[in-house]
Amino acid sequence: MPVFALVDCNNFYASCEKLFRPDLKDTPVVVLSNNDGCVVARSREAKLLGIKMGVPVFQVKAEMQRHGILAFSSNYALYADLSSRVMRTLEEMAPRVEVYSIDEAFLDLTGIESAISLVEFGQQVRERIGNWIGITVCVGIAPTKTLAKLANHAAKKYPATQGVVDLTNPDRQRRLLALVPVDDVWGVGRRLSKRLNALGITTALDLANASPRAIRDQFSVVLERTVRELNGESCIELEEIPPIKKQIVCSRSFGAKVTHFELLREAICEYATRATEKLRKEQQQAKVLTLFIRTSPFKDDEPQYSNSASGELLIPSCDTRDFIELANHLLKRIWKDGFRYAKAGVMLSDFYNPGMFQPGLFDDVSTRSNSQQLMSVLDTINQSGAGKVFFAGQGTKKDWSMKREHLSPAYTTRWDQLPRVK
DNA sequence: TCTGGGGTCCTAGGACCC
DNA sequence: TCTGGGGTCCTAGGACCC
C-alpha cells in the first residue's frame, strides 16, 4: 500500500513576514495580493479576528485599524527563498518529494514504516523545519493524496494532534470523513459542492459512499477519481519531476488606471519580456502569443471594454524581441481610446523543444543571427544583481506599475537588506 | 480611491473529412 | 416524402488548485 504525506506550512506568507520581526510574535498580520488589493494570507491571530481570505482590503480597513492588524505587501523574493529552504530540508528527509505549491509538498513514505512509525516521522519533519527554518508545518499521512490532504486539514484544525495526523487506518479515515464538509475535499470547489449538496451529499463521507460510476456519469472522471481516493484507492500519483509547462502567463492589474496607448504599450512590453524570460528558464520555445486588455469589471458605472488577440510566429522562438514585436502589433489591433484600463496580460503557448520544429517547405525561416547569445547575456546580467538591462519599449517611469506600499525587506536575498541585530 | 496572479484538466459542440 | 455514420481536431467555457 502506498503512503503519502502532505507537508503544509502554516499561514505561510504571514509566517515568513513574522520570521524576521520577533516583535510581531503575537500581532495579527495579513499579507496582501499584488497592488495591495486583497488579503491573501493571515496569521493565526488575524484568522481568529475573523478577517476572511480574499477580501478586498478597503472593505476591512476599519476593522484592521480597530484591532491593530498589520498589513504587508506580498514579498515573493522572501517567500520563494524560504520555500526553497523548506523543500530542500524535506528532500533530505524523504526519498521522493513533489513540490506541490510554494508552501506544500507531497512525500512518498511507502515502506518507511518498517523503520520508524509514521507519526514519529511526521514529528521529526515538524521539528527539523521548525528548528532549521523557523516555519511551522503540519503533516497529514494517508494511502492517497486526497486523504493526505484531509489528514493535513485535521492536523491543522485539532491542536491535540500536535500537527501530525496518521490516517492510514480505514476506521480512522471514515471517522474523519464524517466530520468534514464535502467542500473541504481536495478537488471539490464551490460549484461542485453546491450540486453535490443538492443530491444530499454534504460530508466527505457521503461522497466516499457514492457510486463511482454514478459520479462519473453525472459529473466527470475527475470527481470519480476523488471518490476512489477517499476510499483509499490511490489514483493520483506523486509527480517528482514537474511536467513541462504548456503555457506561460504574465498579467498584472495596474497601480493606477491607464488611459494612454503609450503607457499600456510599455506595460505589455514589460509583460512580454517577463514571460519570455520564464520561457527561456523552461528551456522552451513558443509560437503563439495572446494579449488581453481590460477595464475594471468592478466599475459598473464606467464604460467597459475587454478584448484579446492572438498572433503566431512563423517559427518558435524564445527571443524577447520577437514577442515584443508581436505584442505591439496585437495591441494596435485591439486598443480602443476612451477607456480606463485596469489590467493587461500576455500569454505564451504552443511550445516546442529547441530544434524540434519542422518548418513548412516555403516558409521564410531566417532567424536573428545573434539571438541566443544576446538573450543569454541579458539573462546573465539581469540575474547577477549587478544591474538591469531592458528594452526601450518597457519605459522608464512605469506609472502603471503595481502598488506595494507595505513591502518588507528582502531579508534573505539582498545584501543591502539583511536583517541587523543591534 | 481601493477588488491578485498563474496554472491544469475536462467536456461539449462545431468544423471537417471520408 | 425521404437526408448516415464514424472519426479527428480545435476551441470556448467551466471547473478546480494554490
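Atom set for the values below is all heavy atoms of this structure, side chains included, hydrogens, waters and symmetry mates excluded. Lettering of chains follows the sequences in order, A, B, ..., and the numbering in each one begins at 1.
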Tell me which nucleotide among [options] gets nearest to the side chain of [X].
{"X": "D103(A)", "options": "dT11(B), dG6(B), dC18(C)", "answer": "dC18(C)"}
{"X": "R252(A)", "options": "dG6(B), dC2(B), dC17(C)", "answer": "dG6(B)"}
{"X": "V221(A)", "options": "dT11(B), dC9(B), dC2(B)", "answer": "dT11(B)"}
{"X": "C250(A)", "options": "dT8(B), dG6(B), dC18(C)", "answer": "dG6(B)"}
{"X": "Y76(A)", "options": "dC2(B), dG4(B), dC18(C)", "answer": "dG4(B)"}
{"X": "R191(A)", "options": "dC16(C), dC10(B), dG5(B)", "answer": "dC16(C)"}
{"X": "Q247(A)", "options": "dG4(B), dT3(B), dT8(B)", "answer": "dT8(B)"}
{"X": "L192(A)", "options": "dT8(B), dG6(B), dA15(C)", "answer": "dA15(C)"}
{"X": "N34(A)", "options": "dG5(B), dC9(B), dC18(C)", "answer": "dG5(B)"}

Mind checking [X] for me? I need base, sugar-phosphate or nothing, with any heavy atom below 4.0 Å counting as a touch.
{"X": "E104(A)", "result": "sugar-phosphate"}
{"X": "R216(A)", "result": "nothing"}
{"X": "V31(A)", "result": "nothing"}
{"X": "K194(A)", "result": "nothing"}
{"X": "I102(A)", "result": "nothing"}
{"X": "V249(A)", "result": "sugar-phosphate"}
{"X": "K245(A)", "result": "sugar-phosphate"}
{"X": "K343(A)", "result": "sugar-phosphate"}
{"X": "N35(A)", "result": "nothing"}

Determine, for F390(A) and K398(A), whether the Lys NZ or Arg CZ falls below 6.0 Å from the six-membered ring centre while staying within 45 degrees of the axis.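 Checked: cation-pi criterion met.
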
Between atom [atom1] in [X] and atom [atom2] in [N], what is the gap in whole Å?
{"X": "E237(A)", "N": "dT8(B)", "atom1": "CD", "atom2": "P", "value": "19 Å"}
{"X": "H406(A)", "N": "dC2(B)", "atom1": "NE2", "atom2": "C1'", "value": "11 Å"}
{"X": "I248(A)", "N": "dG7(B)", "atom1": "CD1", "atom2": "P", "value": "6 Å"}
{"X": "F292(A)", "N": "dA12(C)", "atom1": "CZ", "atom2": "C1'", "value": "16 Å"}
{"X": "R225(A)", "N": "dC9(B)", "atom1": "CZ", "atom2": "P", "value": "10 Å"}
{"X": "Y79(A)", "N": "dG5(B)", "atom1": "OH", "atom2": "C1'", "value": "14 Å"}
{"X": "F351(A)", "N": "dG7(B)", "atom1": "CZ", "atom2": "C1'", "value": "11 Å"}
{"X": "I236(A)", "N": "dC16(C)", "atom1": "CD1", "atom2": "C1'", "value": "12 Å"}

Is the ring pair Y13(A)/Y79(A) parallel, tilted or perpendicular, if the boundaries are 30 and 60 degrees?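 Because their plane-to-plane angle is under 30°, the rings of Y13(A) and Y79(A) count as parallel.
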
Relative to the ring of Y305(A), is the ring of F339(A) parallel (under 30°), tilted (30 to 60°) or perpendicular (over 60°)?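 Aromatic pair F339(A)/Y305(A) classed parallel.
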
With DNA chain B as reference, determine whether I244(A) or E302(A) sits nearer its 5' end, using the nearest nucleotide of each.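 Whichever sits nearer the 5' end wins; that is E302(A).
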
Which comes earlier along DNA chain B counting from the 5' end, the contact point of C38(A) or that of K278(A), where each point is its nearest nucleotide?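 Taking each residue's closest nucleotide, the earlier one in sequence belongs to C38(A).
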
Just verifying a value: how many Å separate L19(A) CG and L78(A) CG, rounded to the nearest 0.5 Å? 7.5 Å

Base-pairing mate for dA12(B) - Watson-Crick or G-U, with both contacts under 3.5 Å: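 Paired with dT11(C).
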
More than 12 heavy atoms from other groups under 6.0 Å of CD on Q283(A): no

Can you tell me if D206(A) uses its side chain to pair, donor with acceptor, with the backbone of T202(A) under 3.5 Å? yes

Check whether any side-chain N or O of [X] sits under 4.0 Å from OP1 or OP2 of [N], and answer yes or no.
{"X": "K257(A)", "N": "dC2(B)", "value": "yes"}
{"X": "S220(A)", "N": "dC9(B)", "value": "no"}
{"X": "S253(A)", "N": "dG5(B)", "value": "yes"}

Ring-ring centroid check F292(A) Y271(A), cutoff 6.0 Å: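 Not close enough - the centres of the two rings lie 6.0 Å or further apart.
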
